[in-house]
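Keep in mind it's a predicted model, so treat the numbers as computed, not measured. All heavy atoms count here, side chains included; hydrogens, waters and symmetry mates do not.
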Amino acid sequence: MSDFLAGLLIAVLPLLGIGFWLGRRTARPEAPGELGTPVEHATFQTLHTASPAAPPLRAGLTEETARKSARRLRSLLGTDALCLTDDRRVLVWDGAGAHHRAEVLERLAGPLETGRGEAFRLDCDTPDCPVRWAVVAPLTVDDRVHGALVACAPRESAVLVRAAGEVARWVSVQLELADLDDSRTRLIEAEIKALRAQISPHFIFNSLAVIASFVRTDPERARELLLEFADFTRYSFRRHGDFTTLADELHAIDHYLALVRARFGDRLSVTLQIAPEVLPVTLPFLCLQPLVENAVKHGLEGKTDKCHIQITAQDTGAEALVVIEDDGAGMDPAVLRRILAGEVSPSGGIGLSNVDDRLRQVYGDDHGLVIETAPGAGMKITARLPKYQPGVHSAGRIDRA
């Protein structure tokens, strides 16, 4: 989240500078009854004009996003025409003088190669064409030129050159944030793939062995377990959506626990207390199941005693509070800290660091896992899931085929 706030601050600084400059240029004594100074009015107007252009640009530089943002950017500069290009073609031309598209594109080679702005006269035989000069301001992301903002006006203007450069910087920041969003999405996808790879081969082997043991003695039971196994693996390896609902995640956990119970019998008891109103809450895919698997691992494996796991989900207003608690062997808090820091192999705590990282990435650092444990005292894991979060949407339920 700190990177995001830093990016947001960088994103608005050029606009604040433009607004302040406009306000200083038009400054006059404040009239009775007016709210705010001329500088404040100019800054507000600048931000009000630019803000609708930001969301499209946060999706990257394409024909669609350029089309949605070009008019706002032209209003911000007050020019007769404005166009946005990538490194090969004009994406959109907004305003007069569209017949200059080919000429502008030919003149972009230098600015796109050097990353430096340029102003040049436009050749035009159309008497009533209002644009005679063009100002090119490159759009850069990570020191690489992605395209250009071209502002067209009736005459050469040093003010327009400076303003176009500032707006291009602002657009470039939006594109950098889009690139960060894309990198974040790829990171989440990679972590989900890593989490899938962590699904214990021993669990798969043991599940199939248990199913095989019932084939002759209880074929109907074997069939039920095989369906549970199929549903669990179908959910775990689905290929669409980074998010799911609490209902679907609990549904997958139920399949998982059915297979574990078939192996361990009455050694495992599970209590669920789920508030119905939190079932539609959206959360990162494969977020709770690894926590339950961790509870089973530390509560049952390598022991002969019984284990009790309690899963609760409560409505706390703006959040759903999910708690997974076991009475197993517990863990040394120092070892747990090393696991969450990624210093210990995930086998020391199945998916704990993965889930903690993803919750922090999606909801912020204050929504990481809260884990209470000690040797011989079991483990209690608490996850706080905001009910509503921008950009967090479920891909829909995966039903049994």
Side-chain angles (χ1 to χ4, degrees), residues 188 191-192 195-196 198-199 232 235-236 238 241-258 260-261 268-300 307-328 330-331 333 336 339-340 346 349-373 377-398:
I188 291 176
E191 289 179 338
I192 291 176
L195 190 57
R196 285 168 173 160
Q198 288 177 21
I199 293 176
F232 172 73
Y235 177 83
S236 299
R238 74 178 193 179
D242 295 329
F243 301 96
T244 187
T245 63
L246 181 58
D248 282 351
E249 190 81 355
L250 291 173
H251 193 59
I253 289 171
D254 186 55
H255 294 315
Y256 169 78
L257 290 174
V260 174
R261 288 193 195 96
L268 173 66
S269 61
V270 181
T271 302
L272 284 86
Q273 295 178 339
I274 310 298
E277 56 268 28
V278 301
L279 290 176
V281 171
T282 300
L283 70 160
F285 174 65
L286 276 183
C287 183
L288 299 182
Q289 187 277 331
L291 306 183
V292 175
E293 188 171 352
N294 182 79
V296 170
K297 176 182 175 65
H298 291 281
L300 280 174
C307 173
H308 179 256
I309 296 175
Q310 180 167 315
I311 303 172
T312 62
Q314 302 173 351
D315 186 356
T316 62
E319 297 176 333
L321 188 69
V322 180
V323 179
I324 299 171
E325 188 171 5
D326 68 77
D327 58 359
M331 183 182 296
L336 175 62
I339 289 174
L340 294 178
I350 299 175
L352 285 181
S353 61
N354 185 297
V355 173
D356 182 64
D357 287 344
R358 287 196 290 139
L359 288 176
R360 292 175 186 274
Q361 288 170 4
V362 173
Y363 301 121
D365 284 337
D366 57 340
H367 283 81
L369 294 177
V370 176
I371 305 177
E372 304 168 56
T373 187
M379 183 176 290
K380 180 180 179 180
I381 304 176
T382 303
R384 291 167 40 237
L385 307 173
K387 288 183 178 179
Y388 307 102
Q389 180 82 359
V392 177
H393 304 286
S394 172
R397 181 166 183 147
I398 304 299

Output the distance between atom [atom1] ([X]) and atom [atom2] ([Y]), rounded to the nearest 0.5 Å.
X	Y	atom1	atom2	answer
Thr244	His251	OG1	NE2	10.5 Å
Ile324	Leu272	CD1	CG	9.5 Å
Glu293	Tyr256	CD	OH	4.0 Å
Asp254	Glu249	CG	CD	12.5 Å
Asn294	Lys297	CG	NZ	8.5 Å

Check whether any side-chain heavy atom of [X] lies under 4.5 Å from a side-chain heavy atom of [Y], and answer yes or no.
X	Y	answer
Cys287	Val355	yes
Val281	Tyr388	no
Leu246	Leu283	yes
Val278	Leu321	no
Leu279	Leu250	yes
Lys380	Val323	yes
Met379	Met331	yes

From CA spacing to verdict: side-chain contact (heavy atoms from CB on, under 4.5 Å), Leu268, Val270: CA-CA 7 Å; Leu268 173 66; Val270 181; 4.0 Å; yes

Shortest non-hydrogen separation from [X] to [Y] and the atoms involved:
X	Y	answer
Phe285	Arg358	O-NH1, 2.6 Å
Leu359	Ala383	CD1-CB, 4.3 Å
Thr282	Phe243	CG2-CB, 3.6 Å

Ile381 and its side-chain contact (heavy atoms from CB on, under 4.5 Å) partner, picked from Leu369, Val370, Thr373, Leu288: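 Output: one option passes, namely Leu369.
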
Counterpart residues, side-chain hydrogen bond (donor to acceptor under 3.5 Å, both in side chains), relative to Asp356 (two or more places apart):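 With sequence neighbours excluded, Asp356 shows a side-chain hydrogen bond (donor to acceptor under 3.5 Å, both in side chains) to Arg360, given in chain and number order.
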
Test side-chain hydrogen bond (donor to acceptor under 3.5 Å, both in side chains) applied to Glu319 - qualifying residues, sequence neighbours left out: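 Once residues adjacent in sequence are excluded, the partners of Glu319 under the side-chain hydrogen bond (donor to acceptor under 3.5 Å, both in side chains) criterion are His367, Arg384.
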
Contacts table for residues 307-314: side-chain donor-acceptor under 3.5 angstrom, sequence neighbours left out:
residue : atom : partner : partner atom : Å
His308  : NE2  : Thr271  : OG1          : 2.7

Salt bridge present between Lys387 and Asp315 (N-O < 4.0 angstrom):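 Counted as a salt bridge, because a side-chain N and a carboxylate O are separated by less than 4.0 Å.
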
